[in-house]
Each structure stands twice: as structure tokens, then as C-alpha cells.
Number of protein chains: 2
Amino acid sequence: MEKQTVTIYDVAREAAVSMATVSRVVNGNPNVKPATRKKVLEVIDRLDYRPNAVARGLASKKTTTVGVIIPDVTNAYFSSLARGIDDIAMMYKYNIILTNSDENGGKEVQVLNTLMAKQVDGIIFMGNQVTDELREEFKRSKAPVVLAGSVDSEKTQPSVNIDYIAAVAEAVKNLIDHGNQRIAFVSGSMDQAINHDYRLKGYKKALKDAGISYDSKLVFETDYTYKAGQSLEPALTAAGATAAFVGDDELAAGVMNGLTDAGVKVPDEFEVITSNDTKLTELVRPKMSSITQPLYDIGAVAMRLLTKLMNNETVEENTVILPYGLMKRSSTK
Amino acid sequence: MEKQTVTIYDVAREAAVSMATVSRVVNGNPNVKPATRKKVLEVIDRLDYRPNAVARGLASKKTTTVGVIIPDVTNAYFSSLARGIDDIAMMYKYNIILTNSDENGGKEVQVLNTLMAKQVDGIIFMGNQVTDELREEFKRSKAPVVLAGSVDSEKTQPSVNIDYIAAVAEAVKNLIDHGNQRIAFVSGSMDQAINHDYRLKGYKKALKDAGISYDSKLVFETDYTYKAGQSLEPALTAAGATAAFVGDDELAAGVMNGLTDAGVKVPDEFEVITSNDTKLTELVRPKMSSITQPLYDIGAVAMRLLTKLMNNETVEENTVILPYGLMKRSSTK
DNA sequence: CTTCTATGTGAAAGCGTTTTCAATGTTGCG
DNA sequence: CGCAACATTGAAAACGCTTTCACATAGAAG
């Protein structure tokens with residue numbers, strides 16, 4: 001007892017017109033006599049006809065779906081971007097195929113390929129690192145690819161970000177202004193462009209501007225997890241740090257709670273400033289000071305940019321930089 | 001200079017075989033002579049042929065993609081489920097079309113329709129309420145629909161959940177055992193089945209078992225947001241509550257922080273227990289006690305169940321109940 | 001040397017749309 | 001009334017694959 005599907009052909013027959021005409025009314029083509037349109041519409045309604053998007057996709061070579069590659073939906077930073085992406089996508093009648101990559105290069109390439117096989121009209125990539133292989137795939141893709149909240153040292157793909165170097169420099173300067181001389185830099189893997197090419201540069205710049213010499217012992221390379229942050233306390237104090245810039249909110253929460261649990265007072269004895277301004281910063285105590293980023297907007301703008309690209313509209317600027325800010329809460333003086 | 005796509009036809013021509021044969025090797029059909037297979041594989045590799053999934057979908061009536069309706073990706077509870085769903089989906093070679101519904105009935109129906117139009121092979125629905133209209137659509141759908149971490153009073157759809165009534169009852173009993181007589185029940189809208197048909201029942205059951213009479217003044221119906229929780233403090237103390245069961249972690253964090261900020265000591269003067277055991281419970285101070293749910297697994301099992309349904313395998317039990325627990329942390333005595 | 005059964009393979013018919021192109025019907029105007 | 005110009009419509013060819021069915025070919029069995 002398989003459910004029967006009604007096709008455009010059925011509608012055409014019932015309405016005594018051709019498939020072409022039905023297709024026209026379904027697609028809002030104006031070249032249809034009002035009377036005919038009405039007649040067709042009635043039949044569509046009566047038969048409860050619903051166009052098959054797959055057939056449509058095959059015939060028109062447009063699927064109105066875009067692929068989204070995300071490191072992990074569970075991460076507040078990325079899920080905020082994803083929300084912005086989806087909202088704008090929906091606004092423009094696109095759907096999103098969402099896949100978690102765990103920032104695993106192999107998986108990313110594989111996922112990218114299945115997305116392309118599925119004929120997505122465009123792709124949004126989030127991830128802290130664009131490998132050479134990935135970059136090659138991007139180029140080969142006939143669907144436009146835009147990076148959201150993600151950087152590629154080659155700057156070859158359209159992208160939307162904030163000015164990470166300036167933002168981190170400002171955050172670190174703020175720490176310096178509070179009298180800190182030994183400031184830790186805590187982030188994820190230094191293999192990731194965002195860390196070694198952006199954040200670390202901003203960090204160094206702030207130090208240099210203040211005449212403080214760079215000490216690699218103050219650089220802590222770890223995972224983006226709460227646990228990793230929490231267990232960092234002994235090392236942090238051993239290195240003589242009195243403040244830390246942290247590259248991820250969950251990690252920062254770990255750092256801060258680890259410190260607090262060890263009896264170190266934040267911010268009096270140790271200041272912490274984080275990077276992503278997710279909800280998390282307001283949930284922990286003390287609330288965390290943070291670089292502020294328009295998370296939702298990064299996603300939204302990326303998607304908007306993608307729609308233009310998919311539409312072959314000429315876009316003035318391929319890489320858009322959104323404004324950042326600094327939000328002083330209670331983890332800094 | 002449009003990028004040229006190579007089709008199965010091109011491969012067939014180059015390999016001097018028929019399209020049918022190419023199709024067979026691509027699909028791993030064993031009825032191909034090894035020598036032929038090798039030849040075809042070589043051509044595929046040389047031409048860099050990649051099957052068009054849309055055409056495949058049209059011909060085979062299977063798209064290997066499933067639709068996922070989620071209230072909000074940004075919510076830790078649901079994004080955890082989503083992660084479980086995606087991982088299992090990937091394991092079974094499915095992709096996920098993810099759409100946020102904001103629990104808006106109209107949007108849900110609309111989204112469901114576009115998913116069906118896109119010929120998804122199955123659907124996973126998350127949301128705290130299944131309206132009649134939605135239920136009708138589910139029935140009409142030729143793709144199986146399973147509910148994940150979501151209940152429908154009608155119990156008509158396959159679903160995977162925990163025993164909310166028992167879990168809440170146990171949590172509330174715990175609070176009672178600590179000597180609390182006036183326990184607040186804080187949740188989202190009472191229109192949602194999960195609140196009025198499950199959580200509230202569990203709450204009442206625990207009260208009844210302890211011989212405490214139900215007082216509707218202790219029931220707080222609000223939004224699932226941090227802010228909403230935070231601003232609840234005056235009302236909570238005014239009602240004379242000394243403890244609260246809360247239906248969502250973010251909301252609970254708000255309640256707790258609101259209390260703390262107002263000078264109320266948690267847990268000494270007020271105990272809080274929450275429901276979803278997301279990462280959040282560990283980030284706040286004090287850490288929150290919670291009902292524990294196998295979040296990832298709820299998603300994973302739901303997806304697994306869906307694969308069986310899509311495969312027309314007979315499944316022993318349509319509604320699966322996963323075990324819950326109670327995690328005592330520091331927001332309760 | 002037949003006859004039979006596997007095993008491999010190809011031709012062609014879909015799958016449900018969109019889109020091109022030609023055909024027909026209509027209207028306006030001199 | 002005749003004809004150009006335009007508005008409507010339909011026929012049929014894609015789109016790129018899967019799948020059915022029939023046909024070969026090749027051993028196996030008698």
C-alpha cells in the first residue's frame with residue numbers, strides 16, 4: 001500500500017493543459033492566462049500536488065540547498081554562526097545540509113565531495129584550518145565556497161571574519177594596561193592558521209608595542225575543551241603568568257574555573273580574557289571579559305554573500321571584515 | 001567557461017561498455033566480470049567521474065538524506081542530540097538537512113513540507129509539542145518520522161526518550177528528602193506536552209508520595225532562556241520556595257545565578273536541580289545537580305531507529321526509553 | 001553434441017521536472 | 001479586412017542515473 005504520488009503529469013491531464021503550463025504556474029511564470037492559471041491552481045489544490053524537488057533539481061541544475069561544514073554543532077561559537085546561516089538561508093529559500101567535520105582534514109575532504117555529489121548550489125565552510133588538499137577541492141568546485149568565521153592564510157576564498165589580529169592585540173593591550181607583564185597565550189593547535197597567523201601575531205604585536213619581550217614559555221597550546229583549560233592551572237602559575245588571553249570560551253571557562261578551584265582569585269590575582277563572546281561568558285562566575293564578535297551576523301553575512309555568489313551577482317568585496325569589540329566583564333580588573 | 005561535468009555516459013563510451021555496466025560497478029553490483037570492473041574503474045579514475053546524486057535520487061527514489069527539525073541549534077540540549085544524529089547518519093551514509101523551527105508550529109509544518117518535497121528518506125523531529133496539524137503531516141508522509149528527545153501525548157510516532165515522569169519524580173523526591181517542603185516547578189510553556197503531561201506529572205507524583213499538597217503558586221511558566229531564569233528570583237522567594245526543579249539547563253543557570261546575585265546561597269538556602277545535564281551544568285558555580293540523560297545517545301538511537309524504518313526492517317519496539325540518572329553536584333545538599 | 005543453467009552485458013524505458021522552440025490564438029491598427 | 005506583433009500554449013527533448021528484460025556466451029551435465 002505504497003502512498004501514491006501525484007506528478008505534474010497528473011495535474012496537466014486533470015486540468016486539460018500541458019505539463020509546460022503547469023510548470024509555468026508552479027514557477028510563477030507570468031506568461032499564463034489568468035483563467036488558465038486559476039484552473040491549474042484549483043487542480044493542484046484538489047490533487048494536493050507537490051513538486052518533486054529532486055526532479056526539479058535534475059532538470060534545472062539548481063537544488064536550492066547549500067552545504068555547511070562545521071567543526072562541531074555542539075560548540076557554542078560555531079552553532080551561533082550556524083544559526084545565522086540557517087536563518088538567512090531560509091529567508092532566501094535555501095536549505096542547509098549540515099555536517100560535522102571535527103576539523104579532521106580527511107573527513108572534510110570526504111564531506112566536501114559528497115556535498116558536491118549532491119549538487120549543492122553553494123558551500124559554507126567553518127574550520128580553523130584550510131589544508132592544501134581542501135583548497136584544491138574548493139577551486140575545483142563549481143559551487144561557490146565561502147568561509148565563515150574561518151581564515152585561510154592564502155586568502156583565496158571569499159570569507160567573513162573579524163580582524164583577529166587587531167582584536168587580540170587590543171585584548172592583550174588591555175591586560176598590559178592593567179599592569180600585567182607576564183601574560184599567557186592559551187589556544188588550540190598552532191597548526192591552525194587562526195592561531196599562528198592571526199591570534200599569536202596580535203598577541204606579539206601588543207607585547208612589542210608595550211616593550212615586553214616575547215616568551216614562548218607563556219604560550220600554551222592545547223585542546224578547545226573545558227577539561228583542557230581546567231587542568232592548565234599548575235602550568236600557568238608555574239610560568240609566572242598573572243593573566244591570560246584565551247582563544248575559546250569553553251576553554252577559557254575551564255582555565256578560569258581551574259584557577260578558582262586552586263584558590264587563585266580571578267580577577268584580583270589573575271585576569272582572563274576570552275575570544276568569542278558566546279552565551280557562556282555570562283553564565284560563569286565571574287563573568288568573563290571577552291572580545292565581542294557578531295557571531296550570528298558572521299554566519300548571516302556569509303550566507304548572504306553566498307547567495308550573491310550563487311546568483312552570479314558581482315560582489316564588490318570578497319572578504320568582509322565585521323567589527324569586533326571588547327566587553328569588560330568581571331574576569332578582568 | 002562553465003566547468004564541464006563528466007557523466008556516466010562519458011565513462012561508458014571511454015570504457016567501451018554500456019551505462020548499465022558502469023552503473024553496476026559504481027554501485028558495487030557483483031555481477032560484473034573482474035576484468036570489466038577494473039577497466040571501468042580506471043576510466044572513472046582517469047576522467048574523475050563523480051556520480052550525480054540528484055539524478056541517482058530521481059532514478060532510484062532514494063536520496064540518502066534525512067531531514068532534521070530542531071528548535072534551535074544554539075541550544076546545548078538539542079545540539080547534543082543533533083550531534084548524535086549526524087554521527088550515526090554519517091555512519092550509514094546519510095546526510096542531514098537541518099532546519100531550525102523555533103518551535104513555531106507554522107514554521108514546522110512548512111519546513112516539513114519542503115523536506116518532503118526534497119524527497120528525504122526519513123525525518124527526525126525535535127520539539128516539545130506536536131500539534132494536530134503536524135501529526136497529520138507525519139501520517140501523510142511517506143518518509144518515516146521519529147521523534148528524538150520529544151514527546152507526543154498521542155504516542156503515535158516512533159520516538160526515543162527517557163522516562164520523564166519517573167526522572168522528575170526522582171529529582172523532586174531528592175529535594176523533598178533534603179527537607180524542602182515548598183519546591184518550585186520552573187519550566188517553559190505549559191502548552192507543551194513535555195511540561196504538562198510529563199514533567200508536571202512527575203512533580204505532582206513526588207509531592208503526593210510525600211504527602212505534600214500541590215500549590216499552583218509554585219509553578220513558574222516561563223521561557224527557556226537564561227534571562228528569564230535570572231529574573232525569577234523575587235517571585236521565587238516571594239512564593240516561599242526553598243528549592244526548585246527546573247526544566248532546562250540554561251534556564252536553571254539563570255535561576256541559580258539570579259538567586260546568587262540576590263544574595264541567596266545555593267545550595268544552603270536554596271537548592272536547584274535541573275534536567276538536561278548539558279556541559280553547562282559543570283561550567284557554572286556551584287555546579288548544578290541534574291537529571292542525567294544520554295543526550296548524544298538519544299540522537300544516535302533515534303537515527304539508528306530511523307535507518308531501520310527507512311529500510312523497512314521490522315523493529316521490535318517503536319518507542320524506546322533510554323535510562324536516566326541523577327547527578328548530584330553542588331547546587332543541592 | 002545437445003540442452004540447460006549461470007553469468008555478463010546492453011538497450012531502453014523510466015524517474016518528474018524544466019526549457020526550448022514552434023505553433024496557435026488574439027489584438028491592434030491602418 | 002488583412003497583417004504584424006504579441007500573448008498563450010503544447011510537444012518533446014533534455015537532465016544523469018537506475019533498473020528491467022532480453023540476449024549472449026560459456027561451461028556443466030547428460
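These values consider heavy atoms only, across backbone and side chains, with no hydrogens, waters or symmetry-generated copies. Please read these numbers as outputs of a predicted model, since none were measured by experiment. Every chain is numbered from 1, with letters handed out A, B, ... down the list of sequences.
- Counting only residues at least two apart or in different chains, side-chain hydrogen bond (donor to acceptor under 3.5 Å, both in side chains) contacts with residues 312-321 of chain A comprise A/N311-A/E313.
- A/D102 places no side-chain N or O within donor-acceptor distance of the main-chain N or O of A/N104, the cut-off being under 3.5 Å.
- Residue B/T21 places at least one side-chain N or O closer than 4.0 Å to OP1 or OP2 of C/dG10.
- Under the ring-ring contact (aromatic ring centres under 6.0 Å, His included) criterion, B/F78 pairs with no residue, sequence neighbours left out.
- Residue contacts for B/A117: at a heavy-atom cut-off of 4.0 Å it reaches no nucleic acid atom on any strand shown.
- Listed by chain and residue number, nothing satisfies the side chain to side chain donor-acceptor pair (under 3.5 Å) test with B/S150 (two or more places apart in sequence, or in another chain).
- Under the side chain to side chain contact (heavy atoms under 4.5 Å, CB included) criterion, A/A15 pairs with A/V17, A/V40, A/V43, sequence neighbours left out.
- Once you apply a 4.0 Å limit to the heavy atoms of chain B, the touched nucleotides of DNA chain D run 5' to 3' over D/dG16 to D/dT20.
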Check residues 88-99 of chain B and write down every donor-acceptor pair under 3.5 Å in which the side-chain atom is one partner and the other belongs to a residue at least two apart or another chain.
unit_1, atom_1, unit_2, atom_2, d
B/Y92, OH, B/R304, NE, 2.8
B/N95, OD1, A/K118, NZ, 3.0

Can you give one letter per nucleotide of nucleotides 12-21 of chain C, going 5' to 3': B for a protein heavy atom under 4.0 Å from the base, S for sugar-phosphate only, - for none? --BBBBBBB-

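- For A/Y296, the side chain to side chain contact (heavy atoms under 4.5 Å, CB included) partners at least two apart in sequence or on another chain are A/R83, A/D87, A/A300.
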Shorter than 3.5 Å, N or O on both sides, protein versus nucleotides 22-27 of chain C: list them out with atom names.
none

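- B/V109 pairs by the side chain to side chain contact (heavy atoms under 4.5 Å, CB included) definition with B/N113, B/E133, B/L134, B/E137, not counting sequence neighbours.
- When the side chain to side chain contact (heavy atoms under 4.5 Å, CB included) test is applied to A/M116, the partners found at least two apart in sequence or on another chain are A/L112, A/I123, A/S141, B/R50.
- Residues in residues 99-130 of chain A take part in these ring pair (Phe, Tyr, Trp, His ring centres under 6.0 Å) pairs, two or more places apart or across chains: A/F125-A/F138.
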